[in-house]
Amino acid sequence: MTTYIVLLGPPGAGKGTQAEVISDSLKLAHISSGDIFRENLKNETELGKLAQGYMNRGELVPDDVTIAMIRERLTRPDCANGAVLDGFPRTPAQATALEGMLKELDGTVRSVPYINVPSEVLVARLSGRWTCQQGHVYHVVFNPPQVTGKCDVDGLELYQREDDQPATVERRIRVYLEQTSPLIEYYRERGLLREVDGTQAIDQVTADLLAAIQKG
Ligand code: ADP
Ligand code: ADP
């Protein structure tokens, strides 16, 4: 049986950080919609060119484009056992589309951990975030790499994301509250939501997430 986990939470909640560990531990693929968009931006693909303006403004890329991208990603061989979805769905239309896609793949969303972090904490997290091209995430104070400026996992150079500057962060949090937070109720109504306190230390959040997923 394939297992799909949807990680919900605002920008900066720790979805990318946690998805990396949880997907490893559960032997599932890690699908980050933001990472796929950034990869396309870097390679200057048509998809990347289309997404760029929205991403720079801190707005969502249109649903049809995003849904098509994830549909393709979910059919790749590394998703045979399922996947941890990080950053998708982000709108009710995307959530409905996901249900349809998983039906076709004979799967279903098993659990939706919601990493709850208040807005005032998010700004400090995002302004100190450093990332490598492979999507490994650090924080200058809360989770520094062993060697300054280099990824612990692959040695790649770390960079700060263009959209992590304060004005864009504010816009992204607003967009989250308007367009993505309705998914909390959507999944609560379906009995899938599991709330986790995302202000705890990274390891404790991981432990709580795994416990929540295991409970089903
Ligand atoms: P998201 O994918 O939800 O946007 P990230 O995983 O990229 O979030 O984390 C955002 C920033 O916060 C990163 O710099 C990361 O190192 C840091 N971070 C993640 N989890 C925690 C935590 N529990 N406590 C403190 N900082 C954290
Ligand atoms: P964070 O978790 O820090 O908010 P992401 O890396 O998930 O950031 O996303 C970065 C940007 O990529 C978003 O601000 C948005 O422009 C675009 N994006 C990512 N996922 C989606 C999605 N599911 N729907 C629409 N746009 C998305």
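Both counts, for ligands and for their atoms, begin at 1 and track the order of listing. Since we're looking at a predicted model, the values are computed, not measured.
The shortest contact between atom 24 (N) of ligand 2 and any protein heavy atom is with Gln94 NE2, 3.0 Å. Shortest contact from atom 17 (C) of ligand 2 to any protein heavy atom: Phe37 CD1, 3.9 Å. When only non-hydrogen protein atoms are considered, atom 20 (N) of ligand 2 lies nearest to Ser33 OG, 2.8 Å. The shortest contact between atom 11 (C) of ligand 2 and any protein heavy atom is with Met55 CE, 3.9 Å. Annotation: atom 26 (N) of ligand 2 to nearest protein heavy atom, Val61 N, 3.1 Å. Closest protein heavy atom to atom 8 (O) of ligand 1: Gly14 N, 3.1 Å. From the protein, the heavy atom lying nearest to atom 23 (N) of ligand 1 is Gln200 O, 2.8 Å. Counting only heavy atoms of the protein, atom 19 (C) of ligand 1 lies nearest to Thr17 OG1, 3.7 Å.
Of all the heavy atoms of Leu60, the ones lying under 4.0 Å from any atom of ligand 2 are found in both the backbone and the side chain. Using a 4.0 Å cut-off between heavy atoms, Glu59 contacts ligand 2 through its backbone alone, with no side-chain atom that close. Using a 4.0 Å cut-off between heavy atoms, Gln18 makes no contact with ligand 1 at all. With a 4.0 Å cut-off on non-hydrogen atoms, Arg171 does not touch ligand 2 at all.
Atoms of ligand 1 lying under 4.0 Å from any heavy atom of Tyr138, numbered from 1 in the order shown and given with element: 13 (C), 14 (O), 16 (O). Heavy-atom contacts of Pro11 reach the following atoms of ligand 1: 4 (O) (cutoff under 4.0 Å). Under a 4.0 Å criterion applied to the non-hydrogen atoms of His139, ligand 1 contributes the atoms 14 (O), 16 (O). With ligand atoms numbered from 1 in the order given, ligand 1 contributes 3 (O), 8 (O) to contacts under 4.0 Å with heavy atoms of Ala13. Counting the atoms of ligand 2 from 1 in the order shown, those under 4.0 Å from a heavy atom of Arg129 are 3 (O). Below 4.0 Å from some heavy atom of Ile202 lie the following atoms of ligand 1, by number and element: 20 (N), 21 (C), 22 (C), 23 (N). Applying the 4.0 Å criterion to heavy atoms of Gly198 picks out, from ligand 1, the atoms 23 (N). Using a 4.0 Å cut-off to heavy atoms of Arg38, the atoms of ligand 2 that qualify are 6 (O), 10 (C). Counting the atoms of ligand 2 from 1 in the order shown, those under 4.0 Å from a heavy atom of Thr66 are 22 (C), 23 (N), 24 (N), 25 (C). Proximity to Phe142 (heavy-atom distance under 4.0 Å) selects the following atoms of ligand 1: 25 (C), 26 (N). Atoms of ligand 1 found under 4.0 Å from any heavy atom of Pro10 (numbered from 1 in listed order, with element): 3 (O). Against a heavy-atom cut-off of under 4.0 Å, Gly34 is close to the following atoms of ligand 2: 5 (P), 6 (O), 9 (O), 19 (C).
When all heavy atoms of Leu28 and Gly82 are compared, the closest pair comes out as CD2-C, 3.9 Å. Minimum interatomic distance between Val147 and Asp152 (heavy atoms only, all atoms of both residues): N-OD1, 4.3 Å. In terms of heavy atoms, Gly58 sits closest to Arg171 at O-CG, 3.7 Å. Between Asn81 and Lys27, the closest heavy-atom pair is ND2-O, 3.9 Å.
A salt bridge links Lys150 to Glu157: at least one charged side-chain nitrogen sits closer than 4.0 Å to a carboxylate oxygen. Arg76 has no carboxylate O lying under 4.0 Å from a charged side-chain N of Asp78, or vice versa, which leaves the two without a salt bridge.
A heavy-atom separation below 4.0 Å is not found between Gln204 and ligand 1.
By the 3.5 Å distance cut-off applied to N or O atoms, Arg172 is counted among the residues near ligand 2. For ligand 2, the polar-atom distance check against Phe88 finds no nitrogen or oxygen pair separated by under 3.5 Å. Note: no N/O pair closer than 3.5 Å links Leu126 and ligand 1 by distance alone. Residue Trp130 has no N or O atom closer than 3.5 Å to an N or O atom of ligand 1. Where the criterion is an N or O separation shorter than 3.5 Å, residue side chain and backbone included, Gly16 meets it with respect to ligand 1. The shortest N/O to N/O separation between Gly12 and ligand 1 falls below 3.5 Å. Among the atoms of Arg125, some N or O lies under 3.5 angstrom from an N or O of ligand 1.
The cluster map of Ile, Leu, Val, Met, Phe, Trp and Tyr, joined by side-chain heavy atoms under 4.5 Å apart, puts Phe142 and Val153 in the same cluster. Taken together through direct or relayed side-chain contacts under 4.5 Å among Ile, Leu, Val, Met, Phe, Trp and Tyr, Val137 and Ile22 form parts of separate hydrophobic clusters.
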Listing, residues 177-187 side-chain donor-acceptor contacts under 3.5 Å, not counting sequence neighbours, or none:
{"unit_1": "Thr180", "atom_1": "OG1", "unit_2": "Arg90", "atom_2": "O", "d": "2.7"}
{"unit_1": "Ser181", "atom_1": "OG", "unit_2": "Leu177", "atom_2": "O", "d": "2.5"}
{"unit_1": "Glu185", "atom_1": "OE2", "unit_2": "Arg188", "atom_2": "NE", "d": "3.0"}
{"unit_1": "Glu185", "atom_1": "OE2", "unit_2": "Arg188", "atom_2": "NH2", "d": "3.3"}
{"unit_1": "Tyr186", "atom_1": "OH", "unit_2": "Glu99", "atom_2": "OE2", "d": "2.4"}

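With no hydrogens or angles considered, a side-chain donor-acceptor pair links His30 and Asp86 at under 3.5 Å.
In terms of modelled atom types and a separation under 3.5 Å, the side chain of Asn43 and the main chain of Thr45 share no donor-acceptor contact.
When Arg161, Arg90, Lys15, Gln52 are checked for heavy-atom proximity to atom 13 (C) of ligand 2, Arg90 turns out nearest.
Looking at heavy atoms from C-beta onward, Val175 lies out of side-chain contact with Arg172 at the 4.5 angstrom threshold.
Both tests pass for Arg57 against the ring of Tyr54: distance under 6.0 Å to the centre and angle within 45° of the axis.
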